[in-house]
Each structure stands twice: as C-alpha cells, then as structure tokens.
Amino acid sequence: MTQDHLNFIFIGISFAIYIGIAVKSRAGSTKEYYTAGGGVSPLANGMATAADWMSAATFISMAGTVALSGYDASRFLMGWTGGFVLLTILMVPYLRKFGKATVPDFIGDRYYSKLARGVAVICAIFICMTYIMGQMRGVGVVFSQLFGIGIPAGVLTGASIVFFYAGLGGMKGITYTQVAQYCVMAFAYTIPAIFIAMALTGNVIPQLGLIGNYTADAEVIPFFEKLNNINLELGFQEFTAGKLSKINMFCITAALMCGTAGLPHVIVRFFTVKNVGAVRKSACWTLLFIAVIYLTAPAIGAFSRVNLINNLHQTSYTEAPAWFKDFEATGQMAWVDKNNDGVIQYFGPAKSEIGTNSVFQGKAPTYPVYDAPVEQRIGSLGQRLLANKGDSSNPNELWFGNDIMVMANPHMAGLPMWVISLLMAGCIAAALSTAAGLLLVLSTSISHDLMKKIIKPDLSDREEVRYARFASFIALVVAAYFGINPPSAFIAKTVAFAFGLAASSFFPTLLIGIFSKRMNREGAIAGMLCGISFTIGYIIYFQFLDGHADQYFLGISPEGIGFVGMLINFGVAFLVSAFTPAPPQAVQDMVESIHIPSGSKDASHH
C-alpha cells in the first residue's frame with residue numbers, strides 16, 4: 001500500500017466521522033445553532049475549545065516558527081497561552097453570568113446602544129475574516145500536499161468541506177465534531193514527536209529529549225548545543241538567541257495575549273455549558289488539553305530543524321529523498337542550483353556579504369506556465385525550474401515554506417507510513433476545526449447581532465438560521481479568496497494580525513465593560529473605532545502598500561501594533577467617557593450584579 005492510499009484512508013475515516021457527527025447533531029433551533037443548547041459537559045467542551053484553539057497557526061505553523069526562529073518563536077507560546085489564562089480569569093465567568101452568547105450582544109446591552117452593537121459586529125467581521133484567512137491558507141497547504149495540487153485548489157476543497165458541516169450543524173454539530181478533531185490532533189502531534197525524540201535523543205518524552213542530549217551521532221552532546229553549532233556553521237544565528245528587539249518582542253507577545261482574551265469564537269464556546277461553575281471546570285480541562293500540544297511544539301520545531309539540515313544540506317539532488325521532490329512538485333520547496341554543482345546547499349545570512357539568504361528574487365517562487373517547453377520547466381537533473389531569477393548575492397540554494405515543517409518532519413525522520421497519515425489527518429483537523437468556529441461567529445454576528453437585533457427584529461428562528469447559513473457561504477467565499485492571496489504566506493503571521501485586531505477592539509471594551517460602571521456608550525464606541533482603525537491602517541500600510549521595516553513606529557512590527565491600538569482604545573474610551581454623561585443607573589446596577597457569585601443567567605439570544 002502506498003503512502004497516498006494510506007493518507008486517503010486515514011483522512012477519509014476522519015471525515016466520515018466529522019460529517020456523521022454534524023448530520024446527527026444538526027441544529028434545529030437558534031439556541032442549538034449558537035450555543036449547542038447549553039448542555040455540553042465541561043470535559044467535552046474543554047476538548048472542543050482546545051480543538052477550536054488548535055488552529056492551523058498552532059498545529060502547522062507554530063512548530064515551523066520554532067524551527068526557523070528559535071527563541072523568537074516563544075512570542076507565540078507565551079502570548080497564546082498567557083492570553084487564555086487572561087480569558088478564563090478576567091472575561092469568561094463574567095460574560096457567562098451576564099448571559100449574552102456573543103460579544104456584540106454583550107456590547108450592545110452593556111453599552112445600551114445599537115450603534116455600539118453595530119460597531120462590535122464590524123469589528124467581529126474584521127477579526128474573524130483575518131483569522132479565517134490563515135485557516136484557509138492552512139487548509140490549502142495540507143490539501144495541496146495531500147492531493148498533489150496547487151494551494152488555490154486545496155483552499156477551495158477545504159472551504160467546501162467546512163461549509164458543509166459548519167453551516168449544517170451550527171454550534172451543536174461543531175462542538176461534538178471538535179471533540180473528535182481534538183483526539184485526532186493530539187495523537188497526530190504527539191506520536192511523531194515521540195518517534196523522532198527517540199531517534200535523535202534516545203528519550204521517549206519529547207520535552208525531556210529537547211533539554212537532553214543529542215545521541216544520533218557518535219559524539220553525545222547537549223541537544224541545544226548541537227542545534228546552535230549547526231546554525232552557526234551554516235551562517236544562521238544561534239537557535240537559543242533572539243534577533244527581535246525587546247520592545248517588538250514585548251508588543252507582539254502582549255498583542256497575542258490580549259487578543260486571545262478578546263477572541264469572539266473562543267468566548268462563545270463557554271456558553272455551551274450549563275452555568276458559571278461548569279465554565280470554570282471547562283476552562284481547566286481546556287488548559288490541560290492545550291498543554292498537550294503547546295508543550296510539544298518546541299520539541300517538534302527543534303527536531304525538524306536538525307532533520308532538515310541532516311537530510312538536505314550538501315546532498316546531491318539526484319540522491320535527495322523522494323519526499324523532497326514531492327514537496328518540490330507542489331511548490332512548497334524549491335532548489336536553485338546557483339553554482340551548477342548539482343548539490344543542495346542551505347546557508348544563512350552570515351554567509352552573504354550583504355546579510356541575506358534569499359534563494360531567488362521575489363517573495364515566493366513562481367513557475368513557468370504548464371504548456372511551456374520542457375527545458376523551461378524541468379532542469380538537467382530533473383529539478384523543477386523556477387521563473388524567478390536566482391539571487392546571486394548569497395550561496396543559499398534551498399527555499400521552503402515555513403508552514404510545511406510539521407508535515408515534512410515525519411518524512412525527514414523516516415517514520416512509518418501510518419504515522420505520516422495520522423499527521424496529515426491531524427493537520428486537516430486543526431485547520432478545519434478553527435475555521436468552523438470562526439465561520440459560526442461570523443454568521444452569528446450577521447444573522448443575530450445585525451439582522452435580528454438591528455435591522456429586522458421580527459425575524460423568526462427559521463429565518464435567522466437561514467441568514468446565518470447564507471452569511472457562512474459569503475464569508476467562506478471571501479476567506480477562500482484571501483486564503484489563496486493572503487496578507488502573508490506565513491500562516492502564524494496572518495493569524496497574529498487577527499489577534500492584534502481583537503486586542504485593539506474587543507479586549508479593552510469587554511474588560512472595561514465588566515469592571516467599570518462609569519464607562520458609557522460614547523467612550524466604548526470611540527475607543528473601539530480608534531483602536532481598530534489605527535491597527536488596521538498600520539497593517540494595511542506595511543503589508544499591502546509601500547511601508548518598509550525601517551518606518552516601523554518605535555520598531556514595532558504589524559504583528560505587535562495591536563498592543564499600541566489597545567492602549568489607544570483604553571485612552572480614548574476613558575477620555576471620552578470623562579466628558580460625557582454616565583451610564584443609566586440600571587446599567588450600573590447590571591455591571592455590579594455580574595460580580596456577585598450567584599444567580600447566573602442562562603445564555604440569551606432574544
């Protein structure tokens with residue numbers, strides 16, 4: 001049996017389970033569509049929330065970031081895990097007690113304003129659309145490698161699957177589908193890590209192998225020392241050293257942390273359990289399940305770095321492993337033989353006089369058209385030729401997408417075929433699970449918070465669900481387009497923009513709304529608009545227009561500017577609130593009541 005056949009079997013079985021659950025759990029009411037009826041157990045909700053959390057950025061991209069950036073990648077680990085702690089302590093119990101299942105619903109009632117609700121809907125759409133772009137990109141990367149097709153075709157295939165089971169089942173279907181997806185992801189992430197840890201370090205526990213000794217060669221040395229030596233020898237910085245400035249590192253970490261606490265698709269997950277007590281238990285289970293993946297990611301990233309260099313550097317192309325040529329065929333790896341010696345060479349910026357290691361001119365590889373003459377498409381050694389001109393300023397010849405490290409790792413380590421197939425199933429589960437949750441929040445924001453609460457209050461339950469499914473379709477079309485043409489080809493970076501938008505808009509507004517009785521609608525609306533407008537403008541300028549890194553404000557990259565946007569939100573909100581009337585007494589009493597640890601309301605939608 002070939003690897004492709006085994007991949008299709010594993011993924012086919014997992015898809016059959018997901019779709020079967022979605023059909024069986026099909027939502028029949030708005031309460032089931034939005035909050036799964038409020039009857040999910042804390043354990044099941046913990047697994048579902050962890051799956052929702054384990055997006056393509058976490059499962060596929062984070063380990064790749066560790067492999068390439070080393071210490072600098074800790075910004076994702078610290079930001080995302082720390083943010084979840086903030087979310088569970090400062091946000092979720094109070095929002096759950098308030099009884100509104102969506103962020104715009106809370107903002108609309110807390111700030112006694114349809115305009116505030118409308119602004120929140122717009123913010124939710126921007127946040128979720130940016131986030132789902134990364135997930136669609138992840139889906140495209142995985143399906144591209146699985147079927148040997150281009151990323152655009154992979155994105156469209158994945159989008160169709162997400163629409164089927166997310167639009168059909170709503171939160172009820174998504175919740176139980178995500179329980180199954182978490183199980184797939186947990187096994188798919190940890191089992192390859194255990195195999196590779198044993199091969200490289202002789203340790204069955206990946207985390208201990210990471211801080212232990214490298215034993216694959218005759219000389220036994222500490223693993224990190226081995227990794228640092230390899231990096232320095234090839235012209236990269238030490239793996240354990242960082243190159244980001246302190247202020248940029250701090251701002252990115254803070255933006256990810258605060259953005260996490262303001263993510264609407266995670267917040268809504270805690271309305272699927274019965275009460276506030278169940279919320280706290282669910283949060284504990286979620287943190288435990290998240291830890292399984294997050295504590296394994298650094299080991300996978302470091303192991304893949306060693307395997308990549310050992311397998312490809314100074315290897316003749318004719319003797320290169322078959323998996324390299326498979327990734328080359330789908331455009332996720334490329335080789336340009338700059339010195340015409342037929343040997344793959346991988347070097348860092350230090351080997352160049354101008355400090356660069358670009359393989360070719362341009363940000364990504366481009367290829368001759370399919371009907372071009374063979375000699376323009378295939379090199380003398382059988383390699384796939386690029387349309388880009390080679391960059392002769394440095395000796396590096398190997399290019400690869402950051403997001404393929406997790407998928408390539410078991411190939412590089414020579415693991416059994418069934419382990420590779422399990423990993424492929426896990427990669428797809430990661431991207432689809434979060435995409436489904438985001439899609440639900442998008443559709444809810446439009447059908448419930450916009451149509452039901454603002455435009456057409458007499459909307460029936462059936463019509464509301466119909467609007468939600470139509471909104472899901474439109475959102476997926478837009479997300480698929482940006483999945484094919486993303487603001488960054490690096491999934492984690494695209495997703496980081498979404499966290500910045502959440503940090504600059506929802507986090508301050510929710511936090512102040514929970515803990516400040518004095519904050520009024522004028523302050524909240526002004527704060528949200530200023531915070532998210534500044535952040536979006538900064539990201540657009542540096543990602544889509546002519547902005548350059550030397551123009552960064554205080555050296556802060558677009559990934560971290562959400563933290564500055566958050567400070568602007570806080571400042572503007574308090575300033576405007578100080579010069580405008582206080583909220584009605586009924587609203588102040590309502591804020592006071594959510595701090596009393598009893599009498600939790602049921603989730604409300606009407």
Do [X] and [Y] come within less than 4.5 Å of each other through their side chains, counting heavy atoms only?
{"X": "Thr509", "Y": "Tyr111", "result": "yes"}
{"X": "Phe506", "Y": "Ile107", "result": "yes"}
{"X": "Phe499", "Y": "Glu559", "result": "no"}
{"X": "Phe534", "Y": "Ser504", "result": "no"}
{"X": "Val119", "Y": "Cys123", "result": "yes"}
{"X": "Ile300", "Y": "Pro206", "result": "no"}
{"X": "Leu86", "Y": "Thr260", "result": "no"}
{"X": "Val591", "Y": "Met519", "result": "no"}

Are any side-chain N or O atoms of [X] and backbone N or O atoms of [Y], one a donor and one an acceptor, separated by less than 3.5 Å?
{"X": "Ser577", "Y": "Phe574", "result": "no"}
{"X": "Ser74", "Y": "Tyr71", "result": "yes"}
{"X": "Tyr294", "Y": "Trp80", "result": "no"}
{"X": "Ser505", "Y": "Leu501", "result": "yes"}
{"X": "Asn569", "Y": "Ile532", "result": "no"}
{"X": "Gln207", "Y": "Ala299", "result": "no"}
{"X": "Ser516", "Y": "Gly513", "result": "no"}
{"X": "Ser304", "Y": "Gly301", "result": "yes"}

Residues, nucleotides or ligands: over 12 heavy atoms within 6.0 Å of [X] [atom1]:
{"X": "Phe515", "atom1": "CZ", "value": "yes"}
{"X": "Phe126", "atom1": "CZ", "value": "no"}
{"X": "Phe553", "atom1": "CZ", "value": "no"}

Just say parallel, tilted or perpendicular for the rings of Tyr552 and Phe542, cut-offs at 30° and 60°.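 The arrangement is perpendicular - the two ring planes meet at more than 60°.
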
Asp109 bridged to Arg117 by N-O distance under 4.0 Å: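 The answer is yes: the pair qualifies as a salt bridge.
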
Report the distance from atom [atom1] of [X] to atom [atom2] of [Y], rounding to the nearest 0.5 Å.
{"X": "Ile539", "Y": "Ser557", "atom1": "CD1", "atom2": "OG", "value": "9.5 Å"}
{"X": "Thr286", "Y": "Asn45", "atom1": "OG1", "atom2": "CG", "value": "6.0 Å"}
{"X": "Thr296", "Y": "Leu210", "atom1": "OG1", "atom2": "CG", "value": "10.5 Å"}
{"X": "Thr190", "Y": "Ile293", "atom1": "OG1", "atom2": "CD1", "value": "7.0 Å"}
{"X": "Ser113", "Y": "Glu522", "atom1": "OG", "atom2": "CD", "value": "8.0 Å"}
{"X": "Met91", "Y": "Ile514", "atom1": "CE", "atom2": "CD1", "value": "5.5 Å"}

Could you check, using the six-membered ring where one of them is a Trp, whether Phe289 and Tyr182 have ring centers closer than 6.0 angstrom?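 Judged by ring-centre distance (under 6.0 Å), Phe289 and Tyr182 do meet the cut-off.
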
